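Please read all numbers here as calculations on a predicted model, not as lab measurements.
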Amino acid sequence: MILKSKAYLYLTEFFAGMSVMAVELGASRLLAPYFSSSQIVWTIIIGTIMIAMALGNIYGGRAADKNPDPDKLYGRMILAAIWIAAIPVIGKYLILGISALLVFSVSSHFLVIAAFAACMVIFVFPLFLLGTVTPSLVKYTVDSLDDNGKTVGMLNASNTIGSIIGTFVPTFITIPAVGTSATFLIFSGILLLLALVYFFSKKKMPKKTIVGIVLFVACCLFGSSNRFAFWEQELTYEGESIYNYLQVKEDDENVILSTNVLFGVQSILKKDNGLTGMYYDYAMAAPLMAGVTEKERSDILILGMGTGTFATQCSRYFNNVRLDGVEIDEKITKLARQYFELPETIPVTTYDGRAYLNAVDKTYDVILVDAFQDITIPFQMSSVEFFTLVRKHLTKDGVMVVNLNMRGTEEGSINQYLSDTISSVFEQVYTIDVPGCTNRILYAFGPTDARSVFESGIAKIKDDALHTLMGTIARTMQRYHPSHNAMKDNVMTDDKAPVELLGMKVIDELIQDEVQYYRDIYERDGIKGLLP
């Protein structure tokens, strides 16, 4: 039998460790389009998996002592393999179903509770089964007390090496190349193959192996699609990159990029070459504040280029701008060239925004910070150290413009923290809410009279729609005045920037506002009122 050699047991441990990490990374990609990929969601995933593995270790040890039959272990591996293979088939439906149930019953911390519930339902059972592998293999490999330390060390080393490889392979190879669904199927197939080889070596094929093969094939047929937004019938593009779920949708008027299944527009192209009606238009006040109409050339840097909506707008309305873009996701840049008419003449560097500023010495008239996405706010681009770095890369009359993405100025809100942090670096800060969406635009500059420059620049705009919008911004934007105590308490640093918790609070409020209408119908008419 194959287990006479301990090599196969070490191989089993190796691939079990690899599969656990692959499932963990796959879990993050499965949940991200629905719940974001914030540190909070990662905490939930890691915590849930550790719970499952701990329970599996306890059960596996007791089961191995009670009945030291390897058939039991490899039978559990078949069951784990089929469950993991089924995740691409039913996982997204379970997430939406759980979210739909909780949205009517949970009044706060919806993201945390829904993500935790989804993890418990989808991932605990197969990882519990994989958690039984190590204690079971210890039982089969330890022949005597003389070398038990060496044997257990070899098992743990095999598991750890497998886990290391299982960390890198999904992130850099399988998910970008074939997607999350196929990644689950690949590692499910590895587990199934290990069990089949074991039973084949014993020259017996129990019914569960035949059933496992049939179910695995069925999951491959029905679960190989990478479609997260399965209800959308006419998407121009849907796929994944190392960093994001990506969706391009097109209609007669717009081309839209979303990195979230359920809501959000990260970039937009207007086919009529007009204003977008979104925050990109409001950000265009920044070049005017920096005197774009008075200069022979204005240099603009965009941190969080996306598909280049702001760059395209600036090129269209200002003929003397030179643009540099920074976008961490190279695949988004490729989509920008393919679907969003981003010219090859506008350079885009694939890099982190802060790392880029650390690497270059160039100064700019305008720097747009557009790296905040829903609850996913990179802490390293929300600290006083980051905004100080931005200011060092601005000309003396330069302007920083920030898309805060979420509203809320009440005490303790994410916008208050960000605004107070920015106010500790820049002498003048103005904000304006974008009508019809949750975005707030913030303009920050030094002691120069940028407001007067802005107003004089408006007079030189020839496009009627842009002229009207800029006039509205000039009349309605508000000077931000933080209190001294708020400045002291709310300034975020590289050491302390609780952006995930602050962002989650705003997201909860937005979700509750959105579902209150349907909740009222449900409370009044029951489930029948929600049915068409």
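- Proximity of Leu235 to Val248: side-chain heavy atoms (C-beta onward) are nowhere separated by under 4.5 Å.
- The distance from atom CG of Leu303 to atom CE of Met400, rounded to the nearest 0.5 Å, is 10.0 Å.
- Residues Ser241 and Asp329 bring a donor and an acceptor atom of their side chains to less than 3.5 Å of each other.
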### From CA spacing to verdict: side chain to side chain donor-acceptor pair (under 3.5 Å), Asn439, Tyr282
CA-CA 10 Å; Asn439 298 83; Tyr282 287 73; over 6 Å; no

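- Relative orientation of the Tyr430 and Phe445 rings is parallel, given thresholds of 30° and 60° on the angle between their planes.
- Side-chain contact annotation: Glu238 with Tyr245, donor-acceptor N/O pair under 3.5 Å present.
- The pair Arg354-Asp494 counts as a salt bridge, with a side-chain nitrogen and a carboxylate oxygen less than 4.0 angstrom apart.
- Side-chain atoms of Lys270 and Asn254 include a donor-acceptor pair closer than 3.5 Å.
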### Task
Apply side chain to side chain contact (heavy atoms under 4.5 Å, CB included) to the pair Gln247 and Thr236, showing each step before the final yes or no.
CA-CA 8 Å; Gln247 179 190 109; Thr236 303; over 6 Å; no

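- Here Arg451 does not pair with Asp449 in a salt bridge; the nearest charged N to carboxylate O distance is not below 4.0 Å.
- For the atom pair OG1 (Thr493) and CD (Glu385), the distance works out to 5.5 Å, reported to the nearest 0.5 Å.
- Proximity of Tyr279 to Asp370: side-chain heavy atoms (C-beta onward) are separated by under 4.5 Å at one or more points.
- Counting non-hydrogen atoms of neighbouring residues, nucleotides and ligands closer than 6.0 angstrom, the CG atom of Asn273 exceeds 12 such neighbours.
- For the atom pair CG of Leu389 and OH of Tyr356, the computed distance is 12.0 Å after rounding to the nearest 0.5 Å.
- Other residues, nucleotides and ligands place no more than 12 heavy atoms under 6.0 Å from the CG atom of Asp464.
- Contact annotation: the side chain of Ser383 never approaches that of Phe387 to less than 4.5 Å [non-hydrogen atoms, C-beta and beyond].
- At most 12 non-hydrogen atoms from other residues, nucleotides or ligands lie less than 6.0 angstrom from NZ of Lys496.
- No side-chain heavy atom of Val429 sits under 4.5 Å from any side-chain heavy atom of Arg479.
- Heavy atoms only, all atoms of each residue included: Phe310 and Ile302 are closest at CD2-CD1, 3.6 Å.
- Checked by atom type, the side-chain pair Gln478/Tyr480 shows no donor-acceptor distance below 3.5 Å.
- Of the candidates Ile441, Leu442, Val369, Val434, Leu404 forms a side chain to side chain contact (heavy atoms under 4.5 Å, CB included) with just one, namely Leu442.
- Using a 4.5 Å cut-off on side-chain heavy atoms (C-beta onward), Val321 and Arg297 make no contact.
- In summary, Lys295 and Asp365 engage in a salt bridge, as defined by a charged side-chain N under 4.0 Å from a carboxylate O.
- The 12-atom threshold is exceeded at CG of Asp251, counting heavy atoms of other residues, nucleotides or ligands nearer than 6.0 Å.
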### Intermediate values then yes/no, side chain to side chain contact (heavy atoms under 4.5 Å, CB included), Met470 and Leu288
CA-CA 9 Å; Met470 294 298 109; Leu288 292 173; 3.6 Å; yes

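- Summarising the local packing, CZ of Phe168 is surrounded by 12 or fewer heavy atoms from other residues, nucleotides or ligands at distances under 6.0 Å.
- Distance check, rounded to the nearest 0.5 Å: NZ of Lys249 to OH of Tyr339 gives 15.0 Å.
- Counting only heavy atoms from C-beta outward, the side chains of Leu31 and Cys119 approach each other to under 4.5 Å.
- With hydrogens and angles left out, the side-chain atoms of Glu240 and Thr180 include a donor and acceptor closer than 3.5 Å.
- Atom CD of Glu250 sits in a crowded spot, with more than 12 heavy atoms from other residues, nucleotides or ligands closer than 6.0 Å.
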### Task
Check step by step if side chain to side chain contact (heavy atoms under 4.5 Å, CB included) holds for Phe454 and Met477.
CA-CA 12 Å; Phe454 177 40; Met477 67 179 184; 4.1 Å; yes

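- By the 4.5 Å heavy-atom criterion applied to side chains, Leu102 and Ser99 are not counted as neighbours.
- Tyr443 is listed as a side-chain neighbour of Ile432, based on a closest heavy-atom distance under 4.5 Å.
- For the residue pair Asn403 / Tyr280, no side-chain donor-acceptor distance below 3.5 Å is found, with atom types taken as modelled.
- With no hydrogens or angles considered, a side-chain donor-acceptor pair links Thr259 and Gln266 at under 3.5 Å.
- In this structure, OG1 on Thr448 lies 10.5 Å from CE on Met289, to the nearest 0.5 angstrom.
- Of the inter-residue distances, the one linking Leu418 atom CG with Thr431 atom OG1 reads 12.0 Å to the nearest 0.5 angstrom.
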### Task
Test side chain to side chain donor-acceptor pair (under 3.5 Å) on Asn490 and Gln416 and set out the steps.
CA-CA 8 Å; Asn490 295 347; Gln416 185 188 45; 3.3 Å; yes

### Message
Applying side chain to side chain contact (heavy atoms under 4.5 Å, CB included) to Phe386 and Thr421, what does each step give before you reach the verdict?
### Response
CA-CA 10 Å; Phe386 168 70; Thr421 302; over 6 Å; no

